[in-house]
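Notes to accompany the following structure.
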Protein chains: 2
Amino acid sequence: MKQKKRHVTLLDVAEHAGVSRATASLALRGSPNIAKATRDKVLASMQELGYVYDRIAANLRSRDSTTVGLIIMELANPFYSELLVGIHQELDKFGKTVILGTTFDSPAIQERLLSTMLEHRVGGIILSAAPGSDSETVNRILSRDIPVVLVNRTLRGAECDYVGIDNVKGGQIAAEYLIKKGHRSIAFLGGYSKLSSWQGRKQGFDSAHLAAGLTVDNSLVFESPATREGGIEVIQKLLKVSPLPTAAFCYNDTIAIGVMMKMRELGLVPGKDIAIVGFDDIPEAAIFSPKITTVSACTRMMGAYAARLLQARLEGSEADPQTVILEPELVVRQSCSPPDET
Amino acid sequence: MKQKKRHVTLLDVAEHAGVSRATASLALRGSPNIAKATRDKVLASMQELGYVYDRIAANLRSRDSTTVGLIIMELANPFYSELLVGIHQELDKFGKTVILGTTFDSPAIQERLLSTMLEHRVGGIILSAAPGSDSETVNRILSRDIPVVLVNRTLRGAECDYVGIDNVKGGQIAAEYLIKKGHRSIAFLGGYSKLSSWQGRKQGFDSAHLAAGLTVDNSLVFESPATREGGIEVIQKLLKVSPLPTAAFCYNDTIAIGVMMKMRELGLVPGKDIAIVGFDDIPEAAIFSPKITTVSACTRMMGAYAARLLQARLEGSEADPQTVILEPELVVRQSCSPPDET
DNA sequence: ACTTCTTTTTAGATCGATCTATTAAATCGA
DNA sequence: TCGATTTAATAGATCGATCTAAAAAGAAGT
């Protein structure tokens with residue numbers, strides 16, 4: 001039953017409709033200087049022959065592109081999958097098709113993905129850069145006239161658009177909240193100090209302490225990968241400290257979840273024995289028990305902004321590099337009791 | 001500082017190396033009948049000029065494709081994002097680039113996405129079909145010699161490969177487990193009865209009852225969207241029933257989470273007042289409190305299999321349509337107490 | 001009827017690569 | 001040394017569309 005259909009090209013359509021290839025092309029694209037009768041004839045032939053437009057060939061000739069490359073760290077990570085949703089939905093509105101790549105935070109993989117995407121003639125790239133990657137990488141792409149938008153992670157020296165969140169503010173409101181609740185000894189858990197986002201959050205954390213007349217105890221700062229395992233690792237280190245802090249600000253929600261799971265396993269009551277604030281407001285934060293008080297990074301909106309900035313470039317904007325910094329918001333839930341009176 | 005580099009083509013490379021375009025092309029691809037000295041010369045010129053291979057143009061001429069279309073329901077859904085991970089990682093190994101589309105379960109959107117992907121000359125398509133979509137859709141693509149692999153959701157009448165899970169078995173082991181724990185009155189919550197996966201799970205659920213000499217009470221079956229909200233909706237309906245069942249099998253984990261959140265909100269103890277078994281084993285299932293006992297759908301593996309089947313077709317396999325059915329596994333956690341003795 | 005202007009259509013070159021078929025150079029055997 | 005064979009390099013057509021520039025057809029003005 002499987003009959004092999006020959007590939008139908010525009011030339012076949014043109015011949016079937018009794019016009020030239022050029023006319024068929026113009027008709028297809030709804031050019032105003034094709035007579036309506038002719039256009040209808042061409043459209044009918046297309047229908048009849050089962051013609052499929054070859055956008056690839058069209059793009060080759062007209063030197064443009066309807067695809068966009070998207071490079072993120074990982075898909076199995078709620079933060080990035082939310083970001084992906086935001087970007088994907090917005091680009092879809094602009095008729096752009098997304099080509100996906102994940103780096104697992106390896107600059108080498110990132111390099112390979114970028115090459116592949118260039119070979120596929122993407123019109124632009126949205127990049128959440130792997131740590132340790134070079135701004136030279138980005139600038140090399142820009143010099144090929146392919147716009148790049150950085151998202152979530154900035155890259156010093158890259159001359160392109162950037163969308164991120166105000167990490168300083170985020171760290172600050174988290175710490176302010178805990179201080180207001182009466183906490184005086186607050187840990188800072190997880191993440192890597194070489195990431196710009198970590199530095200920002202820490203800075204805000206510190207300045208909230210300063211503003212309240214408190215000093216930050218840097219022996220309560222522990223770094224780790226930004227994973228659930230990282231959280232488990234870091235809470236174990238923290239529990240060796242004496243006296244224990246009454247609260248902890250976690251670099252992100254995933255770490256907070258690891259921390260709290262381990263606490264419960266050890267017979268502690270997360271949120272009560274140690275109050276916890278997370279970061280990102282991933283979907284899990286609302287379903288964990290206790291529900292996690294966290295700093296919302298408006299992740300989807302961040303993705304949408306990135307998509308819009310890129311679209312503007314694709315439409316020819318030559319403006320200076322834009323920077324969009326979103327305001328974080330504290331989402332108060334149930335993971336922060338006031339400190340025990342002892 | 002921004003100098004506009006002209007696009008470097010293979011012809012430029014050839015001229016720079018002092019050979020013909022054809023030779024440059026062969027050298028680039030490592031053809032055995034190009035002298036090593038010549039190849040080195042060409043490679044050096046490529047390097048020097050900053051040449052970027054245009055895979056799109058190459059694919060046009062050689063009539064093949066390095067891209068694959070992937071169509072799923074939604075990204076912000078742990079099940080599908082796990083599936084995506086499995087597919088994406090495996091395709092990446094084959095050097096295939098993924099073009100992404102989400103249907104939100106709308107056949108109309110699905111149709112549009114398929115068209116777009118065909119226009120982009122994808123080599124093949126992995127599809128988790130929207131409910132109510134037509135097998136004709138798939139067969140039309142197949143008749144264009146573009147292989148399709150269905151994943152997770154089958155489509156009656158579509159003559160192509162399929163990877164799924166044994167839903168009957170899954171429903172059965174879930175019910176068996178609850179029955180063994182002593183439950184005699186078990187609800188079936190969420191999902192839509194028109195989905196083939198729902199029907200399978202229900203069938204297994206029923207047959208486990210039958211095998212234990214129990215009868216299924218169909219007034220304890222409630223349908224809903226497969227979302228957290230669906231779970232909330234469906235537990236409210238269930239709680240109006242009297243006497244209450246002692247256990248519930250949920251169509252998937254997301255529903256189970258909605259159910260349990262709402263239970264807790266109403267002062268009930270999820271897992272104790274009503275024992276809960278979920279389906280899919282999404283990452284959240286392990287972090288929810290209580291940790292959810294669930295039927296693992298081996299989601300990533302499912303994705304990997306789908307990718308492999310497609311790759312086989314792309315390499316020219318003309319075998320009859322293949323069907324891969326994965327065995328589900330019960331993951332016992334903490335959401336199933338035995339029934340209260342009253 | 002003839003020029004002028006507009007509208008509609010088209011031939012042929014082109015995008016950047018690969019393919020086919022052929023030629024040029026090198027190697028070899030007698 | 002010369003033809004036969006193998007190896008290396010190339011010219012020109014081609015993939016399926018768009019673009020440019022020019023031609024053909026139709027409408028309008030005098």
Side-chain angles (χ1 to χ4, degrees), chain A residues 5-43 45-46 49-67 116 118-123 144-146, chain B residues 5-43 45-46 49-67 116 118-123 144-146:
Chain A
K5 271 189 198 167
R6 212 179 68 68
H7 193 90
V8 178
T9 90
L10 197 51
L11 186 58
D12 300 321
V13 172
E15 278 169 0
H16 184 272
V19 297
S20 75
R21 187 168 68 249
T23 304
S25 174
L26 291 171
L28 163 65
R29 286 175 289 160
S31 158
N33 46 358
I34 289 291
K36 193 159 118 186
T38 314
R39 206 187 61 213
D40 291 345
K41 213 167 43 177
V42 172
L43 262 50
S45 296
M46 280 174 44
L49 298 180
Y51 171 72
V52 173
Y53 183 60
D54 190 331
R55 199 176 291 276
I56 289 299
N59 284 345
L60 172 61
R61 181 58 179 96
S62 59
R63 321 185 114 284
D64 73 1
S65 168
T66 47
T67 56
T116 305
L118 291 182
E119 292 182 1
H120 277 279
R121 279 179 157 270
V122 293
R144 292 211 148 75
D145 260 332
I146 294 177
Chain B
K5 272 189 199 168
R6 213 181 67 70
H7 192 90
V8 179
T9 91
L10 197 51
L11 186 57
D12 299 322
V13 172
E15 277 170 0
H16 184 271
V19 297
S20 74
R21 188 167 66 249
T23 304
S25 174
L26 291 172
L28 164 63
R29 286 175 289 160
S31 160
N33 45 359
I34 289 290
K36 192 159 123 189
T38 315
R39 205 185 65 214
D40 290 346
K41 212 166 44 175
V42 172
L43 262 50
S45 295
M46 282 174 44
L49 298 180
Y51 170 72
V52 174
Y53 182 60
D54 190 330
R55 200 176 292 277
I56 289 297
N59 285 345
L60 173 60
R61 181 59 179 98
S62 59
R63 320 183 114 286
D64 74 359
S65 168
T66 46
T67 57
T116 305
L118 291 183
E119 292 182 0
H120 277 280
R121 277 178 158 269
V122 292
R144 291 212 148 75
D145 259 332
I146 294 178

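Below, chain A is the first sequence line, B the second, and so on; all start at residue 1. None of these values were measured; they are calculated from a predicted model.
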Point to revise | Any A:Ser20 side-chain nitrogen or oxygen under 4.0 Å from OP1 or OP2 of C:dT9 | key: no
Practice item. Sequence neighbours left out, what passes side chain to side chain donor-acceptor pair (under 3.5 Å) with A:Thr9? Give chain and number order. Key: none
Exercise for review: List the steps and the verdict of side chain to side chain contact (heavy atoms under 4.5 Å, CB included) for B:Thr23 and B:Ile34.
Suggested key: CA-CA 7 Å; B:Thr23 304; B:Ile34 289 290; 3.7 Å; yes
Practice item. Only counting residues at least two apart or in another chain, list the ones meeting salt bridge (charged side-chain N to carboxylate O under 4.0 Å, His left out) with B:Arg21. Key: none
Exercise for review: Pick base, sugar-phosphate or nothing for A:Arg39, based on heavy-atom distances below 4.0 Å to the nucleic acid.
Suggested key: nothing
Review point. What pairs with B:Ser25 under side chain to side chain donor-acceptor pair (under 3.5 Å), at least two apart in sequence or on another chain?
Key: B:Arg29
Practice item. Figure out the CZ/P separation between A:Arg144 and C:dG16, and round it to whole Å. Key: 13 Å
Check your understanding: Quick one: what's the B/S/- string for nucleotides 17-26 of chain C, heavy-atom cutoff under 4.0 Å, read 5' to 3'?
Key -> BBB-------
Review point. Can you name the salt bridge (charged side-chain N to carboxylate O under 4.0 Å, His left out) partners of A:Arg55, sequence neighbours left out?
Key: B:Glu119
Review point. Which heavy-atom pair separates A:Leu28 from A:Tyr51 by the least distance, and what is that distance?
Key: CD2-OH, 4.2 Å
Exercise for review: For A:Ser65, check side chain to side chain donor-acceptor pair (under 3.5 Å) against everything at least two apart and list the hits.
Suggested key: A:Thr67
Check your understanding: To the nearest 10 degrees, how far apart in direction are the end axes of the helix from C:dA1-D:dT30 to C:dA30-D:dT1, each fit to five base pairs?
Key -> 50°
Exercise for review: Kindly write out the residues that satisfy side chain to side chain donor-acceptor pair (under 3.5 Å) with A:His16, not counting sequence neighbours, or none if the list is empty.
Suggested key: A:Ser45
Revision key, fill the gap. Residues pairing under side chain to side chain donor-acceptor pair (under 3.5 Å) where one sits in residues 32-41 of chain A, two or more places apart or in two chains, turn out to be A:Ser31-A:Asn33
Point to revise | Atom-to-atom span, CG of A:Asn33 to C1' of C:dT10 - whole angstrom | key: 12 Å
Study note, to complete from the structure: Ranking D:dG16, D:dT10, D:dA9 by distance to the side chain of B:Thr38, first place goes to D:dA9
Review point. Which nucleotide, D:dC15, D:dA9, D:dT10, lies nearest any side-chain atom of B:Arg63?
Key: D:dC15
Review point. Contact class for B:Ile34 vs. all strands (heavy atom < 4.0 Å): base, sugar-phosphate, or nothing?
Key: sugar-phosphate
**Study point:** 5' precedence on DNA chain D between B:Gly18 and A:Arg55 (nearest-nucleotide basis)
**Key:** B:Gly18
